[in-house]
Amino acid sequence: MLYFDHAASSPLREEVAQTFFEAVRRDVGNPSSQHRLGRSLNREIEDSRGKIVRLFGSKEKTSLVFTSSATESNNHVIAGVGQSLREKGQKFIAFKGDHVSLTAPLEKLQEEDIEGEFLFHPPRDLEGKVDWQSFFKQRALEENVGLLVLSHVNGQSGDLLPLEELLPLLRERYPQAHIHVDAVQSFGKSPVGWENVDVESLSFSSHKLGGPKGVAALVLKNSAALPPLLRGGAHEQGQRASTPCFSLIKGFHKAIESSLKELESEAFSEAMKKKEFLQKELSRALEKKVSFPFSHEQSSPYILTVIIQGPSSDILIRHLEERDVFLSSSSACSSRQKNYHPSFEALGIDPKDHPHVLRISFVPETTTEEMQNLVKHLTDVIEDLEFLFK
Amino acid sequence: MSDEKSIVIVNVDELWLKGKNRPHYFRRLLNNVRHKLKIIHGKDFHLENENQRLICQSDKPFSRETIRELTSVPGAKSIVPTRKIPRDEDKLYRAVKELLEDYPDKPQTFKVETQRVDKRYNKKSMDLSRELGGFILGNKPQWKVHMRAPEVVIEVKVLEGHFYLSHQKFPGMGGLPVGSNGHVITMISGGFDSPVASYMMAKRGCRQTFIFFHAYPFVGDEVKEKIFQICTHLSHYQDGCELYVVPFGHLQKAIAKTCREDYRTSLFRRYMVETAWRLSARLQADALLTGDALGQVSSQTIGNLRLIDEASKVPILRPLVGFNKHETIQVANSIGTYDLSVLPHDDACSLFAPKHPIIRPDFAYWNSYVAKNDFSELMEKAIDDSEILIFNTCGERKEHVPPKDDSLARV
């Protein structure tokens with residue numbers, strides 16, 4: 001099998017599977033129970049929580065809530081801060097083309113008469129850089145922005161926001177705002193000193209790191225607090241009433257450890273080289289048929305979005321899946337509407353190209369040999385279907 | 001009322017034409033009705049042939065749903081919920097009074113029709129009708145008698161020990177019972193025509209096995225859902241049926257690669273017909289069935305149909321061959337398949353469609369192509385790899401044989 005859809009989900013790492021299954025067997029009792037069984041589970045959960053929190057800042061000002069998914073984390077933040085926006089008469093700023101788990105809850109706030117704006121990403125210069133300074137300076141001075149929502153890496157385009165440059169700018173301009181960063185495609189994949197990232201909240205997910213599905217994180221920094229999403233118990237420090245899933249949390253923790261270890265071993269720079277290699281191979285094999293709409297430096301090394309002329313992406317995907325090769329054509333959560341994706345358009349892709357978008361995403365373990373095989377299969381399929389598109 | 005049985009009478013349509021074969025046809029109809037009732041009503045019922053009518057009796061009342069299901073039995077002319085009343089005119093009058101309570105107090109035209117099946121009854125039919133009519137007018141003063149085209153017809157049948165009283169007649173499909181006119185392979189698609197064609201031949205008593213040519217990987221699997229819904233609907237007119245979903249995408253690709261572009265669609269049809277014929281040979285079916293209407297699309301010109309037909313060694317039934325499109329749509333609306341067919345679906349036809357499809361095919365080219373491109377192994381394998389769904393006579397999926405793993409792509 002050639003699996004190149006890691007941006008949608010990554011298979012369970014071997015060592016994570018072991019930790020997870022073993023934890024499932026040990027998962028006897030309710031971590032909230034007073035007896036020894038419960039206390040023992042609770043201790044391990046708090047231990048994992050503490051270790052992960054330390055990556056993000058001091059335990060005095062930083063907290064972590066285990067949620068069921070990054071979608072839940074995003075919803076929790078947006079609904080929670082939304083209340084404050086309403087009370088204070090403030091607005092939000094977000095970006096078009098971001099994942100639907102960000103845009104949908106924000107749209108709901110708009111339906112509830114909270115003001116907000118979805119911005120287009122500013123254009124890139126010839127070197128692929130964005131002039132964020134000018135972009136925000138051009139805007140009228142807004143004093144009532146209470147929430148800023150950013151995707152560190154956009155799952156569809158791979159576009160990477162330069163947080164070191166952008167965050168100080170945003171702080172200066174919008175001092176009252178709660179800044180939330182969706183780090184689903186970047187945490188554990190890019191070398192970021194998270195303790196220095198000046199935001200109020202972050203979200204990231206287990207299954208993107210080769211951990212089990214069903215668990216994710218919401219990190220609150222700078223002593224940020226939110227009203228609970230789920231009420232009914234003191235779990236997760238009162239933030240999310242639900243019996244925590246011991247085995248999922250252990251698996252998640254292990255996946256985080258494995259990912260960070262990989263980062264230490266130059267995985268990130270290796271990944272950049274592999275992505276370049278893949279891009280070169282595709283250009284060589286497909287020539288004018290392939291284009292790379294998001295080819296620039298400020299991009300995740302693990303996501304390569306391509307536009308291939310000729311057969312539409314869903315036909316290519318089906319032909320590839322028959323050969324056990326797996327890609328995706330759009331974010332797994334996006335609309336089922338044929339041929340037009342509003343998020344693609346928001347990212348600057350011409351509607352005529354929407355049916356031709358493919359996303360190739362990989363992980364540090366992916367080898368150049370696998371990439372060559374992918375290119376071979378893709379080329380074979382395209383050649384096989386060429387006669388239909390003359 | 002509690003000791004009274006619930007009765008539904010199934011009036012039969014053309015069976016009186018069949019002479020010596022009548023018992024055989026009648027038995028088929030009875031079995032088809034029995035199978036439906038078992039599923040939708042339960043085991044508590046008794047079926048009987050009485051004077052060329054099928055009497056269904058049960059202690060449990062027959063529901064609206066059951067009556068509706070019975071209107072989908074080919075061969076049934078009408079379905080009549082009936083009360084069986086002991087032969088006592090007091091009880092009859094009481095029953096008529098109860099019947100009237102179902103009707104609102106507003107003006108209505110009606111008539112009473114009495115038939116003495118037992119000719120020895122001491123009152124003449126007309127007299128009983130008149131007396132009952134008077135009784136009804138007494139209870140419903142706003143009603144008026146109308147002999148020719150009344151809104152309500154109250155029917156009384158006088159039998160030896162009892163009366164049958166009814167006032168609702170639900171039209172059935174008519175025609176002949178399913179299974180009395182052979183077994184055909186119906187080529188079903190997501191369009192308007194093939195479901196209507198299937199219905200029309202079900203009405204003539206043709207048992208059908210459905211075959212759908214799935215163009216995966218050129219289309220997604222979503223189109224199958226539409227076909228499943230269509231076949232679910234059509235299964236009500238059958239007495240249990242199967243749907244074969246035949247993987248055809250790679251065969252289409254193989255044909256398209258080797259033939260002239262303008263012949264693509266017609267040749268696809270030709271090989272689909274041959275595949276359907278091969279299935280008919282395996283299942284010992286007697287004919288194929290399609291929704292072709294002459295000239296509606298390019299592959300349905302006389303020239304093309306003539307050549308396509310050569311691909312089958314059994315006859316191809318085309319009940320819609322003389323229909324105009326709007327006539328087909330009218331039937332589709334009346335039988336309820338329009339709303340299913342109108343849903344959009346992925347169509348590989350547009351992907352492969354030639355810019356100028358051939359209308360008058362060149363026999364020499366066609367015959368030489370067919371001679372050179374056998375594809376019989378691929379067609380047989382496609383049937384072997386088919387996904388099979390089995391429906392019962394009430395639209396429930398009973399069994400499912402999933403598609404085989406080793407797809408044609410690996411060949």
Side-chain angles (χ1 to χ4, degrees), chain A residues 1-5 8 289 307-341 351-360 373-390, chain B residues 190 213-226 245-265 267-268 343-357 369 373 378 381-382 385 387 402-411:
Chain A
M1 169 167 86
L2 287 175
Y3 184 80
F4 277 91
D5 195 21
K289 291 200 200 93
I307 294 177
I308 298 186
Q309 299 306 328
S312 67
S313 54
D314 51 302
I315 290 183
L316 289 178
I317 285 173
R318 285 190 288 261
H319 277 81
L320 288 170
E321 80 190 13
E322 283 190 312
R323 295 156 173 253
D324 269 350
V325 178
F326 301 95
L327 301 181
S328 78
S329 64
S330 61
S331 161
C333 304
S334 76
S335 95
R336 295 241 169 269
Q337 194 187 353
K338 278 233 95 179
N339 293 337
Y340 174 73
H341 284 88
K352 73 166 168 52
D353 287 330
H354 290 191
H356 298 280
V357 175
L358 279 177
R359 181 183 67 180
I360 305 171
N373 283 337
L374 167 66
V375 173
K376 173 115 203 345
H377 278 290
L378 194 48
T379 313
D380 284 348
V381 166
I382 292 171
E383 267 173 24
D384 193 33
L385 299 175
E386 198 148 35
F387 74 102
L388 285 171
F389 297 95
K390 286 233 167 57
Chain B
F213 293 96
H214 188 32
Y216 178 93
F218 293 95
V219 299
D221 276 341
E222 307 85 47
V223 65
K224 283 200 298 191
E225 198 43 53
K226 184 179 180 183
V245 180
V246 178
F248 214 67
H250 288 286
L251 197 43
Q252 275 176 259
K253 183 174 60 176
I255 297 168
K257 269 196 169 159
T258 47
C259 76
R260 274 169 47 179
E261 192 184 317
D262 46 346
Y263 280 75
R264 262 185 213 162
T265 320
L267 284 170
F268 288 168
L343 298 169
H345 68 269
D346 229 345
D347 197 357
C349 290
S350 48
L351 187 62
F352 286 102
K355 287 184 209 67
H356 304 287
Y369 181 86
N373 293 280
L378 283 181
K381 183 166 195 318
D385 290 346
E387 188 176 357
K404 302 280 188 308
D405 244 350
D406 56 332
S407 81
L408 284 168
R410 319 279 169 96
V411 168

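Given the structure is predicted, the values throughout are model-derived calculations rather than measurements. In what follows, chains are A, B, ... by sequence order, proteins preceding strands, each numbered from 1.
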Note to self: Counting only heavy atoms not in A/Lys376 (residues, nucleotides, ligands), do more than 12 fall under 6.0 Å from its NZ?
What the structure shows: no

Margin query: Just so I know, are the side chains of B/Lys253 and A/Leu385 near enough to count as touching, which here means a heavy-atom distance under 4.5 Å?
Written below: yes

Notebook entry, point to check: Does any heavy atom of chain B fall under 4.5 Å from the side chain of A/Leu316, the backbone, both, or neither of them?
Noted result: neither

Next item on the list: State the NE2-CZ distance between A/His319 and B/Phe218, to the nearest 0.5 angstrom.
Entry: 3.5 Å

Notebook entry, point to check: Can you tell me how far the CD atom of B/Gln252 sits from the CG atom of A/Leu388, to the nearest 0.5 Å?
Noted result: 10.0 Å

Check: For the residue pair B/Pro217 and A/Glu322, what are the closest heavy atoms and their distance?
Finding: CG-OE1, 3.4 Å

